[in-house]
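See structure below.
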Amino acid sequence: MRFMRFLWHSARLATRGGAAYRAWVLFLLALVAWGAVAYVDQLRDGLIRTSMRDEVSWGFYVGNFTFLVGVAAAAVMLVIPAYVYNWKPIKEVAILGELLAISAVTMCLLFVLVDMGRPDRFWHVVPFLGLLNFPRSLLAWDCLVLNGYLALNVVVVGHLLYCSFYRVHYRAAIVVPLVLFSIPLAISIHTVTAFLYNGLPARPFWNASILAPRFLCSAFCSGPAILIIVFQILQRTAGLRIQNEAIWKVAELMAYAMFLNLFLLGAEVFKEYYSATHHVVYLQYLFSGVRGHTSLVLYAWASVACSAVAFILFLIPATRRHFVTLNLGCLLIYAGVYIEKGMGLVIPGFTPSTLGEIYEYVPTLTEVRVGAAVFSVGFLVFTVLCKVAVPILMGEFTAETLVRPDGGGSSLAPEENLQRS
Amino acid sequence: MATPQDTPFPPSPPAESRREFLAGRAATAVAGALAVASLGGCGPASPPAQEGSAARRWGMVIDLRRCVACKACVASCKSENKTPPGVAYNVFIEEEQGTFPYVRRVAFTRPCMQCAKSSCAQVCPTGATYHRADGIVAVDYEKCIGCRYCIAACPYGARSFDYGHDYIEKAGNPYNEIPSSEYGASYGLRHKGGSPEGNVRKCTFCLHLQDEKGEYREPPACVRTCMGKAIHFGDLKDPEGVCVAHGEKMQALLAHRGNYRLKEELGNEPAVYYLPV
Ligand code: SF4
Ligand code: SF4
C-alpha cells in the first residue's frame, strides 16, 4: 500500500514539469510514434524492410544493441569508486549510473526484440518462461545476464528511492551485497556479449581473444561520457549538487580506459597486418576497403580519430578540467565508441561473407526510424527516472513534503541516506 | 504431402548463382516489401513429422570431375522446396583462378554440410535448430525466433533467412499457390506473418522424401536432377551403404581417389565430401 502510494506520487511528479521538460518529453514521444509506425511496417512486411540480407545478417539494430550493453555496463565506473574505494563525491551520484544502466538495458532488450524475425515468439528467450538452449548458446546466456542486471538495478534503485521517499533508512543488508554483486554482473553482461561474437570460428574478425577486453575498455569510456554530460545537465536544470572532483575523477578513469582501448586496437591491427593471413581482409574492409568496396572506410577512420583526440583531451589535466574541452572530449568518445562498438564491429565481421561475397550494408530508413524510436524510449525512461530520483535525492520530494507543500523543515538530509554507508 | 509427382511442376525460376542473387536482390527488395498479405488459407503448422533413423548417417559425396557446372541442382532445389527469392538451400560457387592463358575454373555446388558438430545448433538460443537421429540438421519453425545467430555462426553460408521476399510481382507465377512440402509438415501456403517467413531456413537433404522408417523413397532433388551423376547420396554409417540414386558404394567412392571436406580446420565434421577435379 505504501509502495503504491510512492509509485502514484512518483508518477504524478513525472507528468508535471516546466515547459522545457514537457517539450522534451513530447519530442521524445513524437520520435517514438514516428519509429513505431515504421516498426508496424516491418512487422507486416518482414525484415525485407531492412537492408539486412544473408551476407550481412545483423546490422544497425544489433550494432546499437552491442554499443548499449557497454553503456549499461558503465555503471560500475561509478559503483567501484563509490563502494569499493568509498570515495564520497562519487557516492553521492552513483545512483545516476544505475538509472542509466536501467535505461540502457531497456534499449538493449528492445533492440533485440526489433531485430527478431518472429517477435511473436520472443517468450522463447525469456528466462524460466521459454526453452533456452542453456548453457550451450551464448545468446541464451546474454538473455539471462541482461535480464538479471536489469532486475537487480530496478530492485536497488526502487528500494533506495522508496526508503528516501519515506525518510527511513534503507536495508543495508540487502542493498550493499546487491550493489557489490552488480559489479561482476556489469562486467559479465559485456563479457558475455563479447563472447557472443568471439565464439564464432566462422567469423575471424570476431574470433580474437582480445575482443572481450576491448569491449570492456570501450564500455568504460562511452558510459561515463554520457554520465558526465548528464551530471552537468542536472546541475543546471535540477540543481543537483555534484562536486567537480567527482566529474574530474571520472574523466581521469576514462583516460586510462581509452588508453587501454587504443592499445588493444593497436595490438589487433599489428597482429592482423603483420601476419597478413587471409583473415586480414576484414580489417582491410574496415580501414581501406576491399575490391573497391569502401563504404565503411571513412566511418572507421572517423572513429579512430575521435577516440585518439578524446584520449589526448582527457589525458592533459588542463583540458580535462576545462568544461568546454571536457564536453568536447565526451562527445568525441561517444561518437568514436558508437562507431567502433556498433556497426564498425558488426559489419566487417560479415564482410566479406563466408562465401567470399561482398554485400555493402547501409541501413534503410525503416531501420533508422525504429532505432530512433528505441533510443527515444530509453531517453524517456532515463528522463522520467531522473525527474523522480533527483528531487528525492535532494530531499525536495518525500512523503513529508507532500503533506507540507512548502517543502521545508527536513532535519535529516536524505542524500545522507542515499550514500548507503 | 506434395511431391513432384502429384503437384504440377511449377515453372522453374532461372538457375541463379549466389552472385546473380546478389545482383537481383536490390532490385526486387522494393517489390518484396510491397507484397501484401493476400495469400491466406493456411492450416495449423505441425512440427517435423519424424526424427529420422538412428541407423543412418546421411551424407553426400560430390565428384567434381563429373560436375559440368549446369547448376541444375540449384534449380531443382528451388522448385522442390519452393524457396522464395533470397532463400537458397544450395548455391553454386564459381571462381576463375590464374591469369590468362593459364586459367581454370573452380566450380562446385554447396548444400548444407549437415555437420556432426554444427555451429548452428550450438549457438541457437532456443534449440530450434537441432540434430536428428540420422544426422540431418533441421529447424523447428515453431521455436525459431528469427534471431539469425545461426547465420552468423555457419561457416559455410548454408543458412538463409526468410525476409519476406516474394516472386509475386511476376504475374501468374504459381510459386505462391503451391505449399512447400519441406519437413513433410504442413505450414500451408507461405504467407505474410506465418512460418517460415521470419524464420531461418536451410537445406534439409529433402527429408520430406523419406518414408516412415526414415529411408528415402526417392533421392533428394539435387541428387535426382544432377545430369553428370556428380552428386552421390547415401548412408555413411553403413560400410556397404550405396548411393540411393546411382547405386555406387559410398565408402568406395571416398576411398577411390582421395577426398576432402570444406573448411576442415574448423572441426565441424561435415557430412558432405568432395572428390577433387
Ligand atoms: S553447414 Fe552450416 S547450417 Fe549446415 S549444419 Fe553446418 S553449420 Fe549448420
Ligand atoms: S534464427 Fe532461429 S534457428 Fe537460427 S539461431 Fe535464431 S532461433 Fe535458432
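Residue numbering restarts at 1 for every chain, and letters A, B, ... go by the order of the sequence lines.
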* Determine whether more than 12 heavy atoms belonging to other residues, nucleotides or ligands lie under 6.0 Å from atom CG of Leu365(A). =>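 Check passes, neighbour count above 12.
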* To do: Please identify each residue that fulfils salt bridge (charged side-chain N to carboxylate O under 4.0 Å, His left out) with Glu268(A), with sequence neighbours left out.
  =>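 By the salt bridge (charged side-chain N to carboxylate O under 4.0 Å, His left out) rule, Glu268(A) matches no residue at all.
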* Residues which pass salt bridge (charged side-chain N to carboxylate O under 4.0 Å, His left out) with Glu360(A), listed by chain and number, not counting sequence neighbours ->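 Salt bridge (charged side-chain N to carboxylate O under 4.0 Å, His left out) check on Glu360(A) returns nothing, list empty.
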Counting only heavy atoms closer than 4.5 Å, note whether [X] contacts chain B via side chain, backbone, both or neither.
| X | answer |
| --- | --- |
| Arg203(A) | side chain |
| Leu43(A) | neither |
| Leu47(A) | both |

Sort out for me which of [options] touches chain A most, counting heavy-atom pairs under 4.5 Å.
| options | value |
| --- | --- |
| Pro155(B), Cys147(B), Cys154(B) | Pro155(B) |
| Gly267(B), Ala128(B), Gly194(B) | Gly194(B) |
| Asn199(B), Val200(B), Leu266(B) | Asn199(B) |

Checking the side chain of [X] only, and the main-chain atoms of [Y] only, is there a donor and an acceptor separated by less than 3.5 Å?
| X | Y | answer |
| --- | --- | --- |
| Arg148(B) | Gly146(B) | yes |
| Glu55(A) | Gly157(B) | no |
| Glu367(A) | Ser51(A) | yes |

From [X] atom [atom1] to [Y] atom [atom2], the distance as rounded to the nearest 0.5 Å:
| X | Y | atom1 | atom2 | result |
| --- | --- | --- | --- | --- |
| Leu283(A) | Phe205(A) | CG | CZ | 5.5 Å |
| Cys144(B) | Phe161(B) | SG | CZ | 7.0 Å |
| Phe60(A) | Tyr361(A) | CZ | OH | 7.5 Å |

* To do: Tell me yes or no: between the side chains of Tyr89(B) and Glu182(B), is some donor less than 3.5 Å from an acceptor?
  =>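 A pair is found: one side chain offers a donor N or O, the other an acceptor, under 3.5 Å apart.
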* Pair Tyr197(A)-Thr66(A), side-chain donor/acceptor within less than 3.5 Å ->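 The answer is yes; a qualifying pair exists.
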* Aromatic plane relationship, Phe108(B) with Tyr274(B) - under 30° parallel, 30 to 60° tilted, over 60° perpendicular ->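 Answer is perpendicular, since the angle exceeds 60°.
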* Of all of Gly130(A), Ser57(A), Ala202(A), Gly46(A), which one pairs up most often with chain B through heavy atoms under 4.5 Å apart? ->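 Ranked by heavy-atom pairs under 4.5 Å with chain B, first place is Ser57(A).
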* Can we call the ring centroids of Trp206(A) and Phe350(A) under 6.0 Å apart? ->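 Here the rings of Phe350(A) and Trp206(A) have centres that are less than 6.0 Å from each other.
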* To do: Please list, in residue-number order, every residue in residues 108-121 of chain A that has a heavy atom less than 4.5 Å from any heavy atom of chain B; write 'none' if there are none.
  =>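 Checking residues 108-121 of chain A against chain B gives Asp115(A), Met116(A), Gly117(A), Arg118(A), Arg121(A).
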* To do: Under 4.5 Å, heavy atom to heavy atom: which of residues 138-152 of chain A reach chain B? Give them by number, or say none.
  =>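 Listed by number, the contacting residues are Leu138(A), Leu139(A), Ala140(A).
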* To do: Select one option (side chain, backbone, both, neither) describing which atoms of Ser119(B) are under 4.5 Å from chain A's heavy atoms.
  =>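 When you check distances to chain A, no heavy atom of Ser119(B) falls under 4.5 Å.
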